[in-house]
Q: 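Take this structure, written in structure tokens, and hold onto it; I'll ask about it next.
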Amino acid sequence: MRVQDRCYRRLKITKKIIAVPRLKEYGEHVNNHQIELAKKFEDLGYLISYQDGDNFIQTYERAKRFEPKPYTLKGNMVSLIDGLLEGYMK
């Protein structure tokens with residue numbers, strides 16, 4: 001199962017998620033699109049985003065108090081994410 005599929009399932013059942021984007025500078029990915037995507041989902045109130053250099057204990061404590069918004073986007077989330085990723089790759 002792809003990461004997008006696992007994340008989407010957890011969003012649908014309103015699970016608390018701490019997203020940890022993979023980074024280009026560590027050779028984990030070809031670019032840093034995951035940072036932008038995680039920040040967007042955090043801004044929408046669906047998850048907590050952990051960024052390189054953040055204090056993980058503080059992020060964890062924030063996640064314990066965090067109540068995610070119910071995920072309401074209609075349509076196929078995997079297709080939406082795949083489309084966004086393809087745009088970043090061009």
Side-chain angles (χ1 to χ4, degrees):
M1 181 180 296
R2 297 183 321 172
V3 172
Q4 297 99 315
D5 297 326
R6 289 191 305 268
C7 185
Y8 177 62
R9 289 172 192 255
R10 284 164 179 80
L11 285 171
K12 282 176 53 176
I13 58 175
T14 320
K15 286 284 189 180
K16 293 181 181 186
I17 298 171
I18 298 176
V20 182
R22 296 183 293 166
L23 304 174
K24 178 182 180 180
E25 52 266 27
Y26 298 130
E28 300 168 334
H29 220 285
V30 296
N31 61 32
N32 285 328
H33 69 275
Q34 291 186 355
I35 293 171
E36 295 172 38
L37 194 57
K39 284 181 182 178
K40 181 64 175 178
F41 276 94
E42 182 173 40
D43 291 345
L44 292 170
Y46 296 129
L47 54 76
I48 298 291
S49 177
Y50 174 81
Q51 302 298 320
D52 189 36
D54 288 353
N55 181 312
F56 188 78
I57 300 300
Q58 290 175 350
T59 302
Y60 176 73
E61 291 300 323
R62 190 166 50 113
K64 289 195 306 190
R65 296 183 305 275
F66 176 70
E67 291 299 326
K69 287 175 44 178
Y71 187 70
T72 58
L73 183 66
K74 303 287 188 229
N76 185 336
M77 180 65 173
V78 174
S79 294
L80 174 66
I81 292 174
D82 285 345
L84 288 170
L85 295 178
E86 287 175 17
Y88 284 114
M89 300 299 283
K90 291 182 180 178

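Small disclaimer: the values here were computed from a predicted structure and weren't measured.
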Q: Evaluate side-chain hydrogen bond (donor to acceptor under 3.5 Å, both in side chains) for Glu61 paired with Thr59, printing each intermediate quantity in order.
A: CA-CA 5 Å; Glu61 291 300 323; Thr59 302; over 6 Å; no
Q: Determine whether a donor-acceptor pair (N or O, by modelled atom type, separation under 3.5 Å) exists between the side chain of Lys16 and the backbone of Pro68.
A: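 Side chain of Lys16 to backbone of Pro68, a donor-acceptor pair under 3.5 Å: no, none is there.
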Q: Decide whether Ile17 and Phe56 are clustered together by the hydrophobic rule: side chain heavy atoms of Ile, Leu, Val, Met, Phe, Trp, Tyr closer than 4.5 Å, transitively.
A: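 Not linked; separate clusters.
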Q: Between Lys39 and Glu36 (salt bridge meaning N to carboxylate O under 4.0 Å), is one present in this structure?
A: no
Q: Which pair of heavy atoms, one from Ile35 and one from Gln51, lies closest together, and at what distance?
A: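 Taking Ile35 first and Gln51 second, the nearest heavy atoms are CG2-OE1, 3.3 Å.
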Q: At their closest point, which heavy atom of Leu47 faces which heavy atom of Ala38, and how far apart are they?
A: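 Nearest pair, atom of Leu47 first, then Ala38: CD1-O, 3.6 Å.
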Q: How long is the straight-line distance from NZ of Lys40 back to OH of Tyr46, given to the nearest 0.5 Å?
A: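 Answer rounded to 0.5 Å: 10.0 Å.
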Q: Which atoms form the tightest heavy-atom contact between Asp54 and Ser49, and what is the distance?
A: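 It is OD2-O, 4.1 Å.
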Q: Of Arg62, Lys64, Arg65, which meets side chain to side chain contact (heavy atoms under 4.5 Å, CB included) against Ile48?
A: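 Exactly one candidate clears the test, Arg62.
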Q: Can you tell me how far CD of Glu42 sits from CD1 of Ile18, rounded to the nearest 0.5 angstrom?
A: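 The CD1 atom of Ile18 sits 10.5 Å away from the CD atom of Glu42.
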Q: What distance do Tyr60 atom OH and Asn55 atom CG have between them, rounded to the nearest 0.5 Å?
A: 13.5 Å
Q: Out of curiosity, Tyr50 OH to Gln58 CD, how far, rounded to the nearest 0.5 Å?
A: 10.5 Å
